[in-house]
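No hydrogens, no waters, no symmetry mates; every other heavy atom, side chains included, goes into these values. Counting convention: from 1, in listed order, for ligands and their atoms alike.
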Amino acid sequence: MFENISEGTTYKSLINGEWIESTTKKTIEIYSPVDNSLVGKVQAFSKEEVDKIIENSKSAQKAWANKPINERAEILYNAANLLEEHVDELSKILQKEIAKDSASSTSEVKRTVDFIKFTASEGKHLEGQTIGADNFPGFNKNKLSFVTRVPLGVVLAISPFNYPINLSTSKIAPALIAGNSVILKPPTQGAISTLYLAEIFNKAGLPAGILNVVTGKGSEIGDYIVTHKDINFINFTGSTEVGRHIAKIADMVPILMELGGKDAAIVLKDANLELAAKNIVSGAFGYSGQRCTAVKRVLVVNEVADELVKLIEEKVKKLVVGNPDAGADVTPLISNKAADFVQELMDDAIAKGAKLLIGNKRDKNLIYPTIFDNVSTSMRLAWEEPFGPVLPIIRIKDMDEGISIANQSEYGLQSSVFTENVNDAFYVAQKLEVGTVQINNKTERGPDHFPFLGVKSSGMGTQGIRYSIEAMSRPKAIVLNLK
Ligand code: NAP
Ligand code: G3P
């Protein structure tokens with residue numbers, strides 16, 4: 001499985017328990033964002049093949065749903081153990097395929113091991129309930145409802161480039177333990193990493209057809225898969241633009257979506273500024289800002305702005321910039337196109353008077369960590385998601401102005417508030433229109449059993465292990481009517 005990792009390998013896809021090539025004989029070349037070397041080629045499946053793949057998934061799912069849940073859990077435990085044996089290899093593949101820094105790559109794989117184990121355990125306690133009718137007027141004890149949870153059927157999992165292992169698993173594992181089969185459409189840039197993950201599940205003992213990986217460009221086969229009549233649930237993580245599009249065409253199919261973000265770090269006058277600066281730098285520049293939960297703007301009260309900005313700048317200057325294999329903290333972005341967009345936002349900020357403190361330096365798709373002070377709400381950088389290592393500082397007069405600016409965003413994923421005053425912390429937190437507020441910490445999704453959700457343009461529904469299992473299952477009521 002991992003012994004033959006070599007540049008230029010043509011990868012087959014896991015379909016019905018076999019590794020197969022597309023009948024189109026078409027492949028997609030994946031180049032490394034690090035050095036533009038050919039990482040490998042993946043299959044480009046056609047719409048006709050998608051029909052057969054989904055049919056296979058649908059027919060295999062019935063036996064999987066009937067398998068005792070402790071047996072399903074055992075297969076997940078096997079997958080977690082296998083994954084744990086291959087952390088280093090998978091970390092290296094992530095570094096090459098998506099230019100993720102070494103620490104973040106290893107952390108992503110290790111976190112996924114824990115995710116799978118926790119999901120297997122949690123899934124075994126997916127109990128239902130019995131409900132008596134007699135607590136409702138007009139009914140007596142002769143009517144009882146026995147409620148269990150049953151799977152939805154075929155789950156379509158679509159994952160993004162920035163966490164191809166963890167965010168594919170965050171869909172696969174909860175779907176599987178609930179008794180669904182999974183069609184996985186991985187990110188094209190990240191597909192190779194994801195195929196290795198699929199092999200882990202395959203070797204762990206997943207029956208044929210329970211996990212099928214359909215590689216191919218989302219822009220080419222995405223709509224066809226999303227609108228296929230035999231898809232029973234769509235679990236999507238990616239950009240708001242694509243998420244909105246999928247929501248429009250998905251018709252009656254239930255959806256769980258985690259989309260873009262513009263997470264604000266609000267810093268009040270009594271904040272522990274060293275703590276705030278440490279968290280803001282880690283939150284803004286981790287994986288070069290390519291995290292949905294990255295800190296994407298700082299809203300700091302005027303009284304402490306100069307001191308905070310100085311602390312942030314000092315920490316940013318210590319970040320190592322370069323390639324993942326050189327141990328860099330800030331690495332090349334996923335593509336030149338992505339870097340162009342970040343540059344566009346930086347140019348707009350400069351043109352409108354933002355004060356460049358550090359950065360605005362670029363080498364192809366490598367963008368150096370950048371801080372802009374005195375960013376105003378007239379600048380695109382105040383509102384748009386760069387998905388790169390650039391941090392705008394917006395100075396505010398008080399926490400009410402901070403709440404107002406934070407809530408004007410189209411996004412509502414997470415926010416942080418830094419203060420030593422618990423009353424102010426909760427005052428701000430309760431008014432912010434987001435899924436999660438972090439008090440005195442950077443915005444982040446983990447730990448993965450916490451509820452994770454976005455509101456407004458940041459998503460629909462709630463992830464987090466138990467929430468995901470419940471989202472990909474439903475109640476089944478059997479009512480007993482005694483004479
Ligand atoms: P993306 O361009 O939206 O792609 C996400 C996934 O959707 C990829 O697998 C992509 O396939 C697929 N796709 C594209 N068009 C499709 C279509 N018409 N039908 C079905 N699938 C389609 O996002 P990304 O660039 O991979 O990830 C970055 C974005 O995701 C950022 O906005 C980030 O904020 C967001 N994100 C959010 C979270 C969260 O938890 N909230 C987590 C991570 C990332 P291809 O790769 O083949 O195009
Ligand atoms: O952007 C993907 C999201 O899953 C980030 O996770 O824990 O790094 O905030 P985390």
Under the side-chain hydrogen bond (donor to acceptor under 3.5 Å, both in side chains) definition, can you give me all pairs with a residue in residues 322-332, not counting sequence neighbours?
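The answer is S288-T331.
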
Using a 3.5 Å distance criterion without hydrogens, assess whether the side chain of E108 forms a donor-acceptor pair with backbone atoms of S91.
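A pair under 3.5 Å: no.
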
With sequence neighbours excluded, residues passing side-chain hydrogen bond (donor to acceptor under 3.5 Å, both in side chains) with S104:
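S104: side-chain hydrogen bond (donor to acceptor under 3.5 Å, both in side chains) contacts with D101.
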
Please work out which of the three classes, parallel, tilted or perpendicular, describes the rings of Y11 and Y196, given edges at 30° and 60°.
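Y196 vs Y11 ring planes: perpendicular.
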
May I ask you to check whether [X] and [Y] show a side-chain donor-acceptor distance below 3.5 Å?
X: E410; Y: S457; answer: yes
X: S170; Y: Q463; answer: yes
X: E49; Y: S46; answer: yes

Centre of Y287's six-membered ring, under 6.0 Å away, within 45 degrees of the axis: is that where NZ or CZ of K100 sits?
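Yes, cation above the ring, under 6.0 Å and within 45°.
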
Using heavy atoms and a cut-off under 4.0 Å, could you grab the residues that are in contact with ligand 2, chain by chain, numbers ascending?
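Protein residues near ligand 2 are R111, N162, Y163, L167, R291, C292, T293, E444, R445, G446.
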
Kindly determine whether E48 and K52 satisfy salt bridge (Lys or Arg N to Asp or Glu O under 4.0 Å), including the steps that lead there.
CA-CA 7 Å; E48 294 70 30; K52 281 189 285 185; over 6 Å; no

Could you pull out every protein residue that has a heavy atom closer than 4.0 Å to ligand 1, ordered by chain and then number?
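For ligand 1, the contacting residues are I158, S159, P160, F161, N162, L167, K185, P186, P187, T188, G216, K217, G218, G222, D223, V226, F236, T237, G238, S239, V242, H245, I246, E258, L259, G260, C292, E385, F387, F452.
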
